[in-house]
Amino acid sequence: MGAEVGDPEGKPRRVRMTPGARRVLEAAERLFYERGIHAVGVDLIAAEAGVTKKTLYDRFGSKEQIVVEYLAGRDERWRELLAGRLEEAGEGAPARIEAVFEASRAWSARYGARGCGMINAHAEIGDPAHPAYPVITGQKRWMLDLFTGLAREIDAAGADRLARTLMLLHEGALVAHGVGIVPDPFGTALDQVRELLGG
């Protein structure tokens, strides 16, 4: 199996990427997002990547580990995009909260035609024992923590309630974007956010 990257903080095990592993992951990312995780087998991933199944298993060990890499990589890219948007927004919590929704709008326009990859994956992976499960729930907990920190700057006493409301607006916009029946769900959510924050 491929070399593993350990993490003392309990984060999921990751695989060091060789050129062949990268091709596998690129194919898997596209196929998992477009067709669903359960619908895509290792034979198809290997064929799309132009590698043998042996190479795939040598690098990743299992389909489950490919799913971990797919979701963890998507999460890393999202956090990187969001960090840039938060930095541009400056110090005020209301502006930074709006920046989260604007970042999600930009992300979804570019990478999210079928909705949130984490929510889609959660619909298929309900077993907490699956190695990708902590990636999915960890990303959503991280988002709630982000909203909670920002909410504390606005209303320390009501921060938890405000954060949960912001989280629900955010996740609802992600789902609505994927379904495609609500025009500009992030704009609608932002209108609600501004009203909520008295802006």
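A 4.5 Å side-chain heavy-atom check between Val42 and Tyr57 finds at least one atom pair inside the cut-off. Counting heavy atoms from C-beta on, the side chains of Leu86 and Leu146 come closer than 4.5 Å. Inter-residue side-chain proximity for Lys140 and Cys116 is flagged as met; some heavy-atom pair is nearer than 4.5 Å. Taking the side chain as every heavy atom from C-beta outward, Thr52 and Asp58 never approach each other to under 4.5 Å.
Note that CD of Glu69 is 15.0 Å distant from CZ of Arg74, once rounded to the nearest 0.5 Å. Separation of atoms CG (Asp160) and CE (Met167) is listed at 13.5 Å; rounding is to 0.5 Å. Between the CG atom in Leu56 and the CG atom in Leu25 there is a gap of 10.5 Å [rounded to 0.5 Å]. Once rounded to the nearest 0.5 Å, the distance linking CD1 of Ile97 with CD of Glu153 reads 8.0 Å.
Residues Glu29 and Arg77 are paired through a salt bridge, judged by an N-O separation under 4.0 Å between the basic side chain and the carboxylate. Salt bridge present: Glu98 and Arg194 bring a charged side-chain N and a carboxylate O closer than 4.0 Å. The residues Arg105 and Glu102 are annotated as salt-bridged, a charged nitrogen and a carboxylate oxygen being separated by less than 4.0 angstrom.
The backbone N or O of Thr18 lies less than 3.5 Å from no partner atom in the side chain of Arg59, so there is not a single donor-acceptor pair. Asn120 places a side-chain N or O within 3.5 Å of a backbone atom of Arg114 that can act as its donor or acceptor partner.
Smallest separation of non-hydrogen atoms from Gly50 and Arg23: O-NH2, 4.4 Å. Between Val40 and Arg35, the closest heavy-atom pair is CG2-CB, 3.9 Å. Closest non-hydrogen pair, Phe32 versus Ile37, comes out as CD2-CA, 3.7 Å. The two residues Leu166 and Phe101 come nearest to each other via the heavy atoms O-CZ, 3.6 Å. Here the shortest heavy-atom pairing between Phe186 and Ser108 reads CZ-OG, 3.4 Å. For the pair Ala99 and Ala89, the tightest heavy-atom approach, listed with the atom from each and the gap, is CB-CB, 3.7 Å.
Phe147 and Leu197 fall within the same hydrophobic cluster, where Ile, Leu, Val, Met, Phe, Trp and Tyr residues are linked whenever their side-chain heavy atoms come under 4.5 Å apart, directly or through other members. Side-chain heavy atoms closer than 4.5 Å link hydrophobic residues (I, L, V, M, F, W, Y) into clusters, and following such links, possibly through other members, connects Leu144 to Leu169. Val182 is not connected to Leu190 by any chain of hydrophobic side-chain contacts under 4.5 Å among Ile, Leu, Val, Met, Phe, Trp and Tyr, and they are in different clusters. Hydrophobic clustering (ILVMFWY, side-chain heavy atoms < 4.5 Å, transitive): Leu168 and Ile154 are in distinct clusters. Hydrophobic clustering (side-chain heavy atoms under 4.5 Å, transitive across Ile, Leu, Val, Met, Phe, Trp, Tyr) keeps Leu81 apart from Leu174.
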Requested in this report: Please lay out, stage by stage, how Tyr33 and Tyr111 fare under the test side-chain contact (heavy atoms from CB on, under 4.5 Å).
Outcome: CA-CA 10 Å; Tyr33 188 71; Tyr111 304 111; over 6 Å; no
Requested in this report: Determine, step by step, whether His170 and Val193 satisfy the side-chain contact (heavy atoms from CB on, under 4.5 Å) criterion, reporting the C-alpha distance in whole Å, the side-chain angles of both residues, the deciding distance to 0.1 Å, and the verdict.
Outcome: CA-CA 9 Å; His170 181 261; Val193 167; over 6 Å; no
Tabulate below the donor-acceptor pairs under 3.5 Å that side-chain atoms of residues 125-139 make, not counting sequence neighbours, or state none.
residue: Asp127; atom: OD1; partner: Ala129; partner atom: N; Å: 2.9
residue: His130; atom: ND1; partner: Ala132; partner atom: N; Å: 2.9
residue: Thr137; atom: OG1; partner: Tyr133; partner atom: O; Å: 3.1
residue: Thr137; atom: OG1; partner: Arg141; partner atom: NH1; Å: 3.4

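Ring planes of Trp107 and Trp78: perpendicular class, angle over 60° (limits at 30 and 60°).
The salt bridge (charged side-chain N to carboxylate O under 4.0 Å, His left out) search around Arg30 returns Glu48, not counting sequence neighbours.
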